[in-house]
Amino acid sequence: MSLITRRSMMAGGSAATATLVSGCDPVSMSDAQSLRRILDFGQFMSMQAHRLLLARQPLVREYKESDMSPEFPPNGTERPNGMAYFQHMMSNFASFRLAVDGMVKKPLLLTLDEIKAMPSRTQITMHNCDEGWSAIGQWTGVPLAHLLQSAELMPEARYIVFHCMDEMVRTPDGTGFYYESIDLFDALHPQTILAYGMNGKALPVAHGAPLRLRVERQVGYKHAKYVNRIEVVDRLTHIARGRGGFWEDRGYQWYAGL
Ligand SMILES: Nc1nc2c(c(=O)[nH]1)N[C@H]1C(S)=C(S)[C@@H](COP(=O)(O)O)O[C@H]1N2
Ligand SMILES: [Mo]
């Protein structure tokens, strides 16, 4: 585990970045997982093939209520900057809409109430941040698979991109927003949900209100908070710097399985 946190990396500039890129492997992977990374399932597998594989996918461990951490620390953005998010917060996200678009036959634009009316899943899981902490929390949300099935993926679909409302760095082209991506393998996993509830209450702003991803087999930075757009794509190269996520664009591994 590197002792360089992402915050110090941002502050430290290119020297720290170089150390991270060459020397830091945020998670140690088992042979099976590194094999999976080499195969890069998202690259060539169809949704049907993913479905077949998923039938045999193990679930990650789920915990009891008594296991829940008394304190679950927020990390990264704790409140997005800017007027748009502030207004959402003030109006309790009444005019918030989630867009599901890209390589789908039926693009969606959903209110929070519409999302809450969909099938839901509640799970108590352990969150693992590569900066060296973990916490157990309860999450409630709509299975991502349900959203994607409603939008009807095109056969070319390979990756799901989560666009977030927090701008991490100001860039002239507006590519400094947090974003993340996963393959269909993780997207269709039954424990992958878009959560609007945490520990039995509405998802707090510090933890990504109104919607955040839970992708339980991956480390912390894959769990995009403040999601307002889900884009279905066949490749990641045209988004921001092309590596599939804000931190991936800065040297972190795209596949960050536990
Ligand atoms: N939009 C957005 N999502 C994000 C981050 C962020 O800064 N912005 N930080 C990531 C990191 S590094 C972690 S560990 C988790 C933290 O989730 P939490 O705030 O609920 O603890 O969110 C992830 N998702
Ligand atoms: Mo993290």
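Whatever order the structure lists ligands and atoms in, that order sets their numbers, starting from 1. Numbers for residues simply follow the sequence, beginning at 1.
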| message | Using the ring centroid of each side chain, check whether W247 and Y179 are separated by less than 6.0 Å. | response |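 No: the rings miss the under 6.0 Å criterion.
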What atoms in ligand 1 come closer than 4.0 Å to a heavy atom of [X]?
X    : result
C129 : 14 (S)
Y226 : 1 (N)
W133 : 14 (S), 21 (O)
C164 : 1 (N)

| same_hphob_cluster(I193, Y226) at 4.5 Å side-chain heavy-atom cutoff |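 Different hydrophobic clusters.
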| said: Between the side chains of D101 and R229, is the shortest nitrogen-to-carboxylate-oxygen separation below 4.0 Å, so that they form an ion pair? | reply: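 Looking at D101 together with R229, the answer is yes, because their closest N to O distance falls below 4.0 Å.
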| field | Lys/Arg-Asp/Glu bridge criterion (N-O < 4.0 Å) met for E248, K222 | value |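 Looking at E248 and K222, the cut-off is met.
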| query | Are the side chain of S69 and the backbone of I136 linked by a donor-acceptor contact shorter than 3.5 Å? | reply |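 At least one qualifying donor-acceptor pair exists.
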Measure the distances from the heavy atoms of [X] to every atom of ligand 1 and state whether one is below 4.0 angstrom.
X    : value
F177 : no
M165 : no
F72  : yes

Min N/O separation [X] to ligand 1 under 3.5 Å:
X    : answer
T77  : yes
D166 : yes
N75  : yes
P73  : yes

| field | Contact partition for R212 relative to ligand 1, non-hydrogen atoms under 4.0 Å | value |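 The side chain, only.
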| task | Examine the proximity of ligand 1 to K225 and report which part, side chain or backbone, both or neither, has a heavy atom under 4.0 Å away. | result |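 Under 4.0 Å from ligand 1, K225 contributes backbone and side-chain atoms.
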| query | Between D113 and T111, is any side-chain donor less than 3.5 angstrom from a side-chain acceptor? | reply |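 Looking only at side-chain atoms, T111 and D113 do not form any donor-acceptor pair under 3.5 Å.
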| message | Just by distance, no angles: are the side chains of N81 and E167 close enough, under 3.5 Å, to form a donor-acceptor pair? | response |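 No.
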| query | Hey, mind stepping through H223 and E216 against side chain to side chain contact (heavy atoms under 4.5 Å, CB included) and telling me if it holds? | reply | CA-CA 8 Å; H223 298 236; E216 303 292 354; 4.2 Å; yes
Relative to [atom], which among [options] owns the nearest non-hydrogen atom?
atom                    : options                : result
atom 23 (C) of ligand 1 : G220, A206, P80, G76   : G220
atom 14 (S) of ligand 1 : H127, E78, E180, H207  : H127
atom 6 (C) of ligand 1  : W247, Y221, Y178, Y252 : Y178

| query | Is the H207 ring parallel, tilted or perpendicular to the W139 ring (thresholds 30°, 60°)? | reply |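 Taking W139 first and then H207, their aromatic rings stand perpendicular (interplane angle over 60°).
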| Going by the angle between their ring planes, with limits at 30° and 60°, are F72 and W133 parallel, tilted or perpendicular? |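 Perpendicular.
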